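Just so we're clear, the structure is a prediction, and the values are computed from it rather than from any experiment.
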Amino acid sequence: MVEKMTYVNIVGHIGSMNHVVNRYFSRYDIQLEPGETHSEMEPFSTSNPYAATLQKAERFMLMMGHTPPILPSMDTAEAVNLVEDAYRLYEAREEALRAREHAMTQMEEYLARIAPFTAIIDDLRKLGESTFLHYKCGRLDTVHYKQFETFKHEDEKIIFIPTQRNAESVWGVYFTPMQHAQTVDAIFAGFNFEVISLEGEGSAAARGRLAQEVRSLSQETLARLVIEGVNPMRLFAACAHVRTLYKKFDVKKYARLSRGRRVFAFSGWMGADDANALDKEMQADNLLLFTLGESNAGAPTRLRNWPVVRQFEFFTLMYGLPSYGEADPTFVLAVTYTLLFGLMFGDVGHGMVLAALGAVLLWIHRKPLGGIVAVVGVSAMAFGFLYGSIFGVETMLPALWRRPAQDITGMLLFAVGLGVVLVVISMGIHMYNALCRSDVGAFIFSANGLAGLLFYGTVVFGAVQVWGMEGAFPWWVLSFPLLLLAAKFPLEAWMAGRSVIPEGGVGAFIFRTVMEIFETLLTYLTNTISFVRVGAFAISHAGMMHVVVQLSQGTRGASSLIIFILGNALVIIIEGLLVAIQALRLDFYEIFSRFYRGGGRVFSSHKISGSDNPHRIKGAERR
């Protein structure tokens with residue numbers, strides 16, 4: 001059902017604003033609204049002082065991962081200072097880590113650069129002190145190296161020693177007397193010789209030590225903070241407290257202040273029961289004036305259903321949230337979906353499997369779909385007893401009602417009759433919604449209102465009389481509901497004080513009215529016949545399981561058991577999915593479409609959770 005909402009106003013002296021936020025907004029669900037501002041009131045515009053600290057706290061909480069079972073108590077200043085101090089220590093470690101990562105990157109680049117000359121680098125550095133010999137290390141493209149070998153390899157003043165090569169490049173060192181340095185440098189420049197400097201410090205061993213430091217710093221998160229005097233449990237408590245402080249201050253943005261900033265006001269929506277309880281609690285608070293608004297315009301929607309029915313809100317929200325004041329279709333959906341699924345998938349064994357599977361899914365994942373599967377599984381079990389079927393075997397249990405495959409006509413007629421009942425119920429809910437909206441026109445003249453109900457009921461009664469009693473039926477009695485349907489536009493216009501003459505003239509009105517009545521009659525027919533699928537699926541389920549049983553009985557030994565198990569599993573998966581979809585289709589298109597509009601606004605509570613932790617302790621260790 002849709003919970004009744006009340007619009008509330010909380011007004012008080014500015015000095016009691018924190019009292020209101022801390023005491024009431026942490027215990028009651030209230031959807032705060034910005035409210036209207038005028039010449040005497042202005043919005044609360046102070047920036048949240050805990051925003052920067054919250055970012056640091058969130059980072060620590062993400063690092064810690066899980067919530068400790070017990071959190072020590074602390075005041076505001078202690079919590080903020082602890083988070084800030086811990087973050088400074090953490091940032092110092094991060095700075096050291098970044099410095100070492102930068103040093104390791106430079107060392108890796110250096111080691112990669114000198115890798116082709118590692119074997120001779122020490123000797124080359126000794127030669128660097130010579131005043132008679134000139135040398136340079138570098139890289140040549142393979143094409144240019146071949147050109148060098150062709151034209152300059154025999155040059156007596158040049159010695160080139162390759163140190164490493166691959167398909168594209170050749171690395172090496174060239175030597176020449178100092179007096180030929182400029183000439184030889186020019187020659188190699190002509191071959192696009194890429195000079196590689198050996199300047200720098202480091203070795204593979206040094207790189208390994210630096211990499212170990214980086215890994216050690218990367219792995220130090222809370223462990224480093226503990227060494228430096230920060231207790232992880234107290235740090236988590238401080239982070240949680242900062243988060244609560246931020247939330248408490250954040251809700252103040254919905255407040256309106258007087259021009260002198262002496263009076264504050266909060267406005268918003270609450271459940272009627274919560275509003276009454278809050279009203280009684282605040283009567284002893286002399287600083288506050290609590291008023292209950294009378295208007296329901298724009299109220300948000302919050303659903304309140306029994307635990308079993310609540311699982312089916314998952315399907316309701318797929319179609320749309322009910323508008324405030326509109327009937328919640330979740331109970332109707334829960335009953336009809338469960339009933340239709342059981343009718344189409346009645347089998348004791350298959351129902352047990354679905355119920356167990358749904359219970360496991362609900363227990364592990366806490367998802368409403370698991371609860372829905374468990375409920376429809378129980379329904380399938382119940383109809384399995386009515387059909388006398390367990391895993392497709394119909395010789396073990398007596399049929400308490402009927403066997404679908406042996407009474408095809410009766411099953412199909414029952415399905416149509418059930419469809420008629422559900423269509424009538426959906427019309428009744430439509431009329432209830434129309435009354436709640438004070439929409440008299442929709443209540444009387446709509447195709448799903450009183451006129452439509454009279455027309456549909458008369459047609460059904462006449463069809464039953466002709467079919468069952470084989471007698472004549474005075475079809476002229478349909479004229480009254482037809483006239484009501486036809487007079488919808490002029491009567492609604494007359495009741496609203498508008499012109500009863502339709503646009504386009506009387507001829508266009510008559511043509512449109514005839515087509516609308518024909519469409520309504522066709523819709524009634526198709527909606528009712530659509531429920532034939534309920535009986536058809538029950539018959540097909542029994543037929544498929546009969547085939548599985550016959551195939552398993554046609555073999556012996558282990559093969560018979562394997563065929564029986566696989567056949568049942570296949571039917572549960574394939575037909576179970578089809579029945580689930582068809583049951584939902586019937587609810588959405590044949591039932592919901594008659595009375596449900598949706599389009600509601602979700603109730604979003606600004607209750608400050610986490611402000612009162614029942615597991616907090618006073619005497620926690622302060623280290």
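- In this structure a side-chain-to-backbone donor-acceptor pair under 3.5 Å is present from S593 to Y589.
- The existence of a salt bridge linking R27 and E281 is confirmed by a sub-4.0 Å separation between a basic side-chain nitrogen and an acidic carboxylate oxygen.
- The main-chain N or O of R597 is found under 3.5 Å from a side-chain atom of E326 such that the two form a donor-acceptor pair.
- Of all non-hydrogen atoms in I591 and S426, the two that sit nearest each other are O-CB, 3.7 Å.
- In this model, no donor atom of one side chain and acceptor atom of the other lie less than 3.5 Å apart for Y337 and S379.
- In this structure, the side chain of D279 does not engage the main chain of A275 through any donor-acceptor pair within 3.5 Å.
- Using cut-offs of 30° and 60° on the angle between ring planes, the pair Y324 and W269 is tilted.
- Y24 pairs with exactly one of L278, I10, I30 by the side chain to side chain contact (heavy atoms under 4.5 Å, CB included) rule, that one being L278.
- No side-chain donor-acceptor contact under 3.5 Å links S530 to the backbone of N527.
- Cation-pi geometry between R310 and W306 is not met at under 6.0 angstrom from the ring centre and within 45 degrees of the axis.
- Checking side-chain atoms of T6 against main-chain N and O of G271 turns up no donor-acceptor pair under 3.5 Å.
- A donor-acceptor pair is defined here as one N or O able to donate and one able to accept, closer than 3.5 Å; no such pair exists between the side chain of D347 and the backbone of G384.
- When all heavy atoms of A542 and E394 are compared, the closest pair comes out as CB-OE2, 4.2 Å.
- Ring centroids of F345 and H350 are separated by less than 6.0 Å, placing the two rings close together.
- Between F595 and F592, the angle of the ring planes goes over 60°, which puts this pair in the perpendicular group of the 30/60° scheme.
- Judged by distance alone, the side chain of Y387 and the main-chain N or O of L343 form a donor-acceptor pair under 3.5 Å.
- Here the closest heavy-atom approach between residue T316 and residue P322 is recorded as CG2-CD, 4.5 Å.
- Between the side chains of S446 and N448, no donor-acceptor pair of N or O atoms lies under 3.5 Å.
- Side-chain atoms of R601 come within 3.5 Å of backbone atoms of G298 as a donor-acceptor pair (strictly under, hydrogens ignored).
- One N or O on the side chain of Q31 and one on the backbone of S604 form a donor-acceptor pair closer than 3.5 Å.
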